[in-house]
Amino acid sequence: TVAGAVVAVAVVVGPASANKDPVTPKQLKVYQEAFMEEVRKGDLLFHGDAAMAEQLGVKLSTTGWACAMCHPMASDTHPHAFPKFQASMAKFATLRDMINWCIEKPNQGEKIDPESEAMKALEAYITWSNTGSVLVPGKY
């Protein structure tokens with residue numbers, strides 16, 4: 001059958017990544033530097049830096065609150081737990097949905113574009129902060 005032939009070819013050829021050249025140390029350094037620049041921006045946004053928010057064209061709060069006021073350790077946001085049903089939103093949500101919910105509800109800020117530089121920076125910071133943290137079932 002056709003399905004059997006496809007499986008046989010996949011087994012013989014192997015995964016697509018097996019045929020690619022490995023990432024060089026120079027390429028990895030460039031990636032890490034770019035990622036850490038986004039983490040830096042996200043850290044500033046997460047902690048309420050008005051200058052960074054203005055630079056990225058976002059208004060994350062009108063209450064004076066920052067993400068860090070409710071989440072002093074960004075790792076307690078558990079980004080690896082998303083997507084999931086989020087009770088506070090009464091829907092299945094992504095991390096980006098949750099970030100915007102927090103901006104709009106408690107912070108009374110303006111929803112940000114899910115594809116914006118600000119959103120990507122917040123996700124990078126939250127993910128980086130979460131490295132090595134342990135998920136506590138039922139916590140968020």
Side-chain angles (χ1 to χ4, degrees):
T1 68
V2 173
V6 170
V7 171
V9 169
V11 171
V12 172
V13 174
S17 62
N19 296 327
K20 293 184 180 180
D21 292 330
V23 175
T24 66
K26 184 177 179 181
Q27 290 169 317
L28 183 59
K29 184 176 189 254
V30 169
Y31 163 77
Q32 289 171 332
E33 288 171 356
F35 179 71
M36 289 310 296
E37 175 59 19
E38 292 308 306
V39 168
R40 183 190 70 78
K41 291 177 194 174
D43 182 11
L44 292 170
L45 291 172
F46 198 85
H47 290 90
D49 186 278
M52 180 55 66
E54 185 177 338
Q55 179 182 333
L56 296 179
V58 295
K59 187 169 192 157
L60 302 181
S61 178
T62 60
T63 62
W65 293 2
C67 304
M69 294 178 90
C70 293
H71 308 281
M73 301 293 291
S75 64
D76 69 7
T77 60
H78 301 295
H80 60 278
F82 289 91
K84 67 178 180 178
F85 181 81
Q86 187 63 38
S88 59
M89 300 170 72
K91 74 175 197 173
F92 194 74
T94 65
L95 178 59
R96 289 177 178 197
D97 293 329
M98 193 69 233
I99 290 169
N100 265 329
W101 182 89
C102 287
I103 290 168
E104 290 183 293
K105 302 301 180 195
N107 288 5
Q108 298 176 15
E110 297 172 5
K111 180 178 180 177
I112 59 177
D113 178 350
E115 295 300 319
S116 69
E117 185 177 350
M119 181 64 80
K120 292 174 185 178
L122 283 166
E123 281 186 317
Y125 174 69
I126 291 167
T127 300
W128 174 82
S129 296
N130 191 42
T131 303
S133 72
V134 177
L135 176 63
V136 178
K139 173 110 170 139
Y140 284 101

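Predicted model only: the values in this text are computed from it and were never measured.
With contacts defined as side-chain heavy-atom distances shorter than 4.5 Å, the pair F35/Q32 does not qualify. Taking the side chain as every heavy atom from C-beta outward, M69 and H47 never approach each other to under 4.5 Å. The side-chain heavy atoms of D113 and M119, taken from C-beta on, include no pair separated by under 4.5 Å. In this structure, the side chains of Q86 and F92 stay at 4.5 Å or more apart for every pair of heavy atoms. For the pair D97/M89, a side-chain contact is recorded, criterion being any heavy-atom separation below 4.5 Å from C-beta on. You'll find the side chain of I112 reaches within 4.5 Å of the side chain of L60, heavy atoms only. The side-chain heavy atoms of K111 and I103, taken from C-beta on, include no pair separated by under 4.5 Å.
Distance check: M52 CE to L45 CG gives 6.5 Å after rounding to the nearest 0.5 Å. Atom CD in E104 sits 12.5 Å away from atom CD1 in I99 (nearest 0.5 Å). Within the model, atoms CD1 of I126 and NE2 of H80 stand 13.0 Å from one another, a figure rounded to the nearest 0.5 Å. Once rounded to the nearest 0.5 Å, the distance linking OG of S116 with CG of L122 reads 8.0 Å.
More than 12 heavy atoms of other residues, nucleotides or ligands shown are found within 6.0 angstrom of CH2 on W101.
Using a cutoff of 4.0 Å between basic side-chain nitrogens and carboxylate oxygens, K59 and E54 are not scored as salt-bridged. A salt bridge links K41 with E38: at least one charged nitrogen is closer than 4.0 Å to a carboxylate oxygen. In this structure, E37 pairs ionically with R40, as a charged nitrogen and a carboxylate oxygen lie closer than 4.0 Å.
With hydrophobic clusters built from ILVMFWY side chains whose heavy atoms lie under 4.5 angstrom apart, F82 shares a cluster with W128. Cluster annotation: V39 is connected to Y31 through the hydrophobic network of ILVMFWY side chains, with a link wherever side-chain heavy atoms come within less than 4.5 Å.
Residues V58 and A118 share a closest heavy-atom pair of CG1-CB, 3.7 Å. For L95 against P79, the heavy-atom pair with the smallest separation is CD2-CB, 3.6 Å.
The backbone N or O of Q108 sits less than 3.5 Å from a side-chain atom of T62, completing a donor-acceptor pair. No donor-acceptor distance shorter than 3.5 angstrom exists from the side chain of N107 to the backbone of G109, with no hydrogens or angles considered. Checked by atom type and distance alone, the side chain of Q27 pairs as donor or acceptor with a backbone atom of T24 at under 3.5 Å. With hydrogens and angles disregarded, no donor-acceptor distance shorter than 3.5 Å links the side chain of H71 to the backbone of C67.
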Check the pair M98 / S88 against side chain to side chain contact (heavy atoms under 4.5 Å, CB included), numbers first and verdict last. CA-CA 9 Å; M98 193 69 233; S88 59; 3.8 Å; yes
| message | Pair T127, N130 - check side chain to side chain donor-acceptor pair (under 3.5 Å), show working. | response | CA-CA 5 Å; T127 300; N130 191 42; over 6 Å; no
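Ring centroids of F46 and Y125 are separated by less than 6.0 Å, placing the two rings close together.
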